[in-house]
Each structure stands twice: as structure tokens, then as C-alpha cells.
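Source: prediction; values computed, not measured. Only this structure's heavy atoms are used, side chains among them; waters, hydrogens and symmetry mates stay out. Here is how names work: the chains are called A, B, and so on, in the same order as the sequence lines, proteins then strands, and each is numbered from 1.
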2 protein chains.
Amino acid sequence: MGLSKKDEFTAKQNLLAGYAKALAHPARVAIVEYLSTSQACMCGDIVDVLPLSQSTVSQHLRELKSAGLVKGEIEGTSVCYCLNESGWNEMQSMLGEFLTTMKKCC
Amino acid sequence: MGLSKKDEFTAKQNLLAGYAKALAHPARVAIVEYLSTSQACMCGDIVDVLPLSQSTVSQHLRELKSAGLVKGEIEGTSVCYCLNESGWNEMQSMLGEFLTTMKKCC
DNA sequence: AACATTTATCGTAATATTACGATAAAGAAA
DNA sequence: TTTCTTTATCGTAATATTACGATAAATGTT
């Protein structure tokens, strides 16, 4: 594959790509969906809801967290995950730019 | 890796994941950025603007197109690419749901 | 017709992602 | 302390992505 070339793009382009990548798997979309609708941000419940093993869910949660879309707080023996509003706002505003600057064409 | 498990998720979850995946690479973000700001949807210009080979750019364009975020019209010997507004609207409304239903927590 | 230009596709190597089981780590409960 | 519960991490195999050069396909030009 040669090399990664990611540093040939701007920080902003990489940031948006990172947010998008975090959502680029249906399991992670499902996690976000679950977190957005559950009033209490219960954590291990996610494993029960998804058709994936505990270790796989943990990996997906880590990706969402490192992208900045989700945050987790240790709560005794378990962890409370929830959506990180500032990350979502940032992603939404970046996407919104495309919609507003979008030129009619073709 | 076992099997893909994508059909264990809803069509909606897979659709949003597909949109996100299309944007999950800085080169594709750069293409979208370029298309959104260029009034004339010039096509082969994209290759000149990006630090990637023609074949690689073509691959990225195909992914954006098959996801429904970009459309292309043959224009003589070249192709005119531009953003597909309906795809963007759909993605934005799906993402918007998360923001509006997002419960405060932690 | 012969040639040039533009884009798509094929073949490929390098790398990254996905998924699982096994195991570790850390606090709660006995 | 021992045990249970919960989550994270390691090791791994299977699969997918990324990137390029080479080549094909299609239209325009001479």
C-alpha cells in the first residue's frame, strides 16, 4: 500500500475523517443510537443489546471514545458511557459547512 | 475474523455507517470539500489537487458515488462529479436525530 | 484511420479493521 | 482473603482498505 499519506491532508480533513470513521460500522452506530436514547447511560447493557462478544464491544467503545464521540466514567466496578456532546457538535458543524456551501451543479 | 455480522444490524444503521465510511478517509473529505466549493464541478481537476495517483482518486470517487454522496455525469471524454444533495440531506437528518434525542448524563 | 486525452478497472502488495476467546485488572460482595 | 462481576487488553485469523502502475475503454482530435 505504499505509505499512509494521511499527513498530506489538513488537520481538519483528518479530524472529520476520524469522526466519520468512528461511525463507519453499524455496531458503532447502534451503540450511539442506544446511548442517545437511554436516559441512564448504562454501560454493560450495551453488550447485552448487541450481537457481539464483550471484547468486540469493548473495542468498538474504545474507538468511539478515542474519536471523541463518546466518553466514559468509571463507576465502581463498571463504566458509564455516554455521548460526548462537544465532539458531536464539532462534527455536525463541519458537515454543515458542506451543506451550506454546496453549489448547485450538473 | 469470523463473519461480517453486518446483517445483524438494521438497514438504517447500515445506511448511516455507509455514509460515514465514505467520509472516513481524509482524501474523500478533501474531494467533498473541493466539490462543495468549486462552482463548476470540474472533474479531472481533482486528480491535480490531491497528492494521489489518478487510479487512487478514481477509487475514492467510486466509493463516494456508491455511497450516494456524489454523483457523476459523463461529459464528452471526461466526467463531471458533484455532490448529491439528497444523500447529504439524508445523512444529516440521521445524524441530527442523535443530537436532538441526546440525553444529558454523567 | 491513427493518435491523444480522460477515466475506469485489474492485479498487487502493504496495512488496517473486525471478531473472538483467553486472560488480566480492579472493585464489590461473601 | 476468596470469589464474583465487570471491563480492558492480548493474541490471532479472516477480511477489507489503500495505494500504485499497467492497462483497458471511450470519446475527441488530427
What is the nucleic acid contact for [X], judged by heavy atoms within less than 4.0 Å: base, sugar-phosphate only, or nothing?
{"X": "E63(B)", "result": "sugar-phosphate"}
{"X": "S78(A)", "result": "sugar-phosphate"}
{"X": "K65(A)", "result": "nothing"}
{"X": "L52(A)", "result": "sugar-phosphate"}

Item to check | Exam field: side chain N84(B) to backbone G68(B), donor-acceptor pair closer than 3.5 Å | outcome: yes

Checklist entry - How far apart are the closest heavy atoms of Y81(B) and L35(B), and which atoms are they? => result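 Nearest heavy atoms, Y81(B) then L35(B): O-CD2, 3.4 Å.
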
Name the closest nucleotide to the [X] side chain, picking from [options].
{"X": "K5(B)", "options": "dC20(C), dA19(D), dT18(C)", "value": "dC20(C)"}
{"X": "S58(B)", "options": "dA19(D), dA8(C), dC20(C)", "value": "dA8(C)"}
{"X": "Y81(B)", "options": "dC20(C), dA8(C), dT9(D)", "value": "dA8(C)"}
{"X": "Q54(B)", "options": "dG21(C), dA8(C), dA8(D)", "value": "dA8(C)"}
{"X": "V79(A)", "options": "dA8(D), dC20(D), dA16(D)", "value": "dA8(D)"}

Next on the checklist: Assess, by modelled atom type and distance only, whether the side chains of S58(A) and S55(A) contain a donor and an acceptor separated by less than 3.5 Å.
Outcome noted: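 Per modelled atom types, S58(A) and S55(A) side chains form no pair under 3.5 Å.
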
Checklist entry - Are side-chain N/O atoms of Q13(A) and T10(A) paired as donor and acceptor at under 3.5 Å? => result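 Yes, because at least one side-chain N or O of Q13(A) sits under 3.5 Å from a partner of the opposite role on T10(A).
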
Checklist entry - Is there a donor on the side chain of Q59(A) or the base of dA8(D) sitting less than 3.5 Å from an acceptor on the other? => result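 By the distance-only test, no, there is no pair.
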
Roughly, in whole Å, what's the span from [atom1] in [X] to [atom2] in [N]?
{"X": "D48(B)", "N": "dT7(C)", "atom1": "CG", "atom2": "P", "value": "9 Å"}
{"X": "L50(B)", "N": "dA19(D)", "atom1": "CG", "atom2": "C1'", "value": "13 Å"}
{"X": "R62(A)", "N": "dT17(C)", "atom1": "CZ", "atom2": "P", "value": "11 Å"}

Checklist entry - So which one's nearest nucleotide on DNA chain C is more toward 5', S55(A) or G76(A)? => result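 The residue whose closest nucleotide sits nearer the 5' end is S55(A).
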
Item to check | DNA chain C: 5'-proximal contact among T77(A) and L61(B) (nearest heavy atom) | outcome: L61(B)

Checklist entry - Taking atom CD1 of I74(A) as the centre, does the number of heavy atoms from other residues, nucleotides or ligands within less than 6.0 Å exceed 12? => result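 Not more than 12 within 6.0 Å, no.
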
